[in-house]
Amino acid sequence: MNDYMILRKDMVDHQIKMRGIVDERILNAFLKVKRHLFVSKFDQSFAYGDYPLSIGFNQTISQPYIIAYMIDKLNIKKTDRVLEIGTGSGYQTAILAELSKHVYTIEINEYIHKQAKYILKELSYDNIFFHLGNGYEGLIDYSPYDKIIVSCAPKEVPTSLINQLNDPGKLIIPLGDHVFQNLLMIEKSNQNIKKIQLDGVRFVPMVKEG
């Protein structure tokens, strides 16, 4: 067992499992995906720490537990089609690809988009569809989606994302300003919308086109 594998197992056991996430599919996905490949070579020794890391352009790779927590709340099935707003480093995208049928991911920063696409193609993921653009309007051409996960924080839920959610379907999104944000789970079922307030978080702001 190499050093990174030991660090990955420790991350899963102490940061994720001990905080109450016990879904074996999720735990196995976090054990499999090599988080250190999604950060700069200068940060690889910190890749499995219990904190976010910068990936440049005022963007971050989120704390492992927060990613696991959001994914656990979505209850992703192997048959699901997932929309991810904010590809970022591509690490969360890889986890989603391990758990679902297809992942449609959109990123606004061209450099980050190309970097994540390159890494994930090198890792032979063939169920991820990459798009460069503003995620505020979602990705209507491939909707509806069974699950939607948003990795940046608007001040209000974009109506476009709710409209692109399948019925039944789930959407998880951080809401708030630069100082205070809360995770919100939206469940759509039989044309009814249910909103559930979850924990406080800290994400980069979502860009909204004029």
Side-chain angles (χ1 to χ4, degrees), residues 11-12 14-21 23 26 30 35 38-40 43 46-76 82-93 95-96 103 105-109 111-113 116 133-139 145 147-165 169-189 192-210:
M11 175 191 76
V12 170
H14 296 97
Q15 298 178 37
I16 299 175
K17 194 171 182 179
M18 284 185 65
R19 285 175 168 143
I21 296 173
D23 186 316
I26 294 176
F30 276 85
R35 184 175 167 89
F38 296 88
V39 301
S40 75
D43 286 333
F46 306 106
Y48 297 98
D50 192 20
Y51 38 73
L53 290 169
S54 172
I55 58 170
F57 301 94
N58 295 316
Q59 305 293 312
T60 60
I61 178 172
S62 295
Q63 176 188 3
Y65 169 69
I66 292 298
I67 297 174
Y69 177 79
M70 293 172 71
I71 289 174
D72 187 55
K73 290 296 182 183
L74 285 175
N75 189 28
I76 296 171
V82 179
L83 174 63
E84 178 188 41
I85 306 298
T87 313
S89 68
Y91 174 69
Q92 177 177 270
T93 318
I95 299 289
L96 294 170
V103 180
T105 184
I106 185 165
E107 170 60 48
I108 195 169
N109 182 287
Y111 178 85
I112 291 175
H113 160 79
N134 191 303
Y136 192 86
E137 296 300 328
L139 206 56
Y145 305 98
K147 308 290 164 58
I148 299 176
I149 184 167
V150 183
S151 300
C152 44
K155 293 182 179 179
E156 57 188 22
V157 181
T159 303
S160 54
L161 298 185
I162 297 176
N163 291 341
Q164 291 170 35
L165 190 61
K170 291 183 178 182
L171 181 160
I172 192 164
I173 183 170
L175 289 180
D177 54 29
H178 292 270
V179 178
F180 182 80
Q181 300 167 7
N182 261 97
L183 273 178
L184 180 69
M185 171 77 80
I186 295 176
E187 298 180 350
K188 184 186 285 187
S189 180
N192 293 317
I193 299 295
K194 181 180 180 181
K195 297 182 178 181
I196 304 168
Q197 291 284 347
L198 301 173
D199 291 348
V201 289
R202 187 76 179 271
F203 282 84
V204 298
M206 176 182 274
V207 175
K208 180 179 180 181
E209 289 182 333

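Side-chain atoms are counted along with the backbone in the values below, which use heavy atoms only and exclude waters and symmetry mates.
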Exercise: identify the closest heavy-atom pair between Cys152 and Pro174: O-CG, 3.5 Å
Within 6.0 angstrom of Phe46 CZ, more than 12 heavy atoms from elsewhere: no
Arg35 vs Ile61 side-chain heavy atoms within contact, under 4.5 Å: yes
Separation of Lys17 NZ from Met11 CE (nearest 0.5 Å): 13.0 Å
Stepwise side chain to side chain contact (heavy atoms under 4.5 Å, CB included) test for Met206 and Ile85: CA-CA 9 Å; Met206 176 182 274; Ile85 306 298; 3.8 Å; yes
CD on Gln181 to CG on Leu175, rounded to 0.5 Å: 8.5 Å
Closest contact, heavy atoms only, Glu107 versus Gly88: OE1-N, 2.9 Å
Side chain to side chain contact (heavy atoms under 4.5 Å, CB included) between Leu139 and Tyr145, intermediate numbers included: CA-CA 10 Å; Leu139 206 56; Tyr145 305 98; 3.3 Å; yes
Rounded distance (nearest 0.5 Å) linking atom OG of Ser160 with atom CG of Leu165: 11.5 Å
Straight-line distance of Thr93 OG1 to Ile149 CD1, nearest 0.5 Å: 9.5 Å
From CD1 (Ile186) to CD1 (Ile196), nearest 0.5 Å: 10.0 Å
Validation row: Leu198, Ile172 side chains within 4.5 angstrom (heavy atoms): yes
Ring pair (Phe, Tyr, Trp, His ring centres under 6.0 Å) against Phe203, all qualifying residues, sequence neighbours excluded: none
Side-chain donor-acceptor pair present, Gln92, Ser62, cut-off under 3.5 Å: no
Value rounded to 0.5 Å, distance of CD1 in Ile112 from CD1 in Ile55: 4.5 Å
Tyr91 and Phe30 aromatic ring geometry - parallel, tilted or perpendicular at 30°/60° bounds: perpendicular
Worked verdict on Val157 versus Ile162 for side chain to side chain contact (heavy atoms under 4.5 Å, CB included): CA-CA 8 Å; Val157 181; Ile162 297 176; 3.8 Å; yes
Salt bridge Asp50-Arg19, side-chain N to carboxylate O under 4.0 Å: yes
From CA spacing to verdict: side chain to side chain contact (heavy atoms under 4.5 Å, CB included), Tyr69, Val201: CA-CA 11 Å; Tyr69 177 79; Val201 289; over 6 Å; no
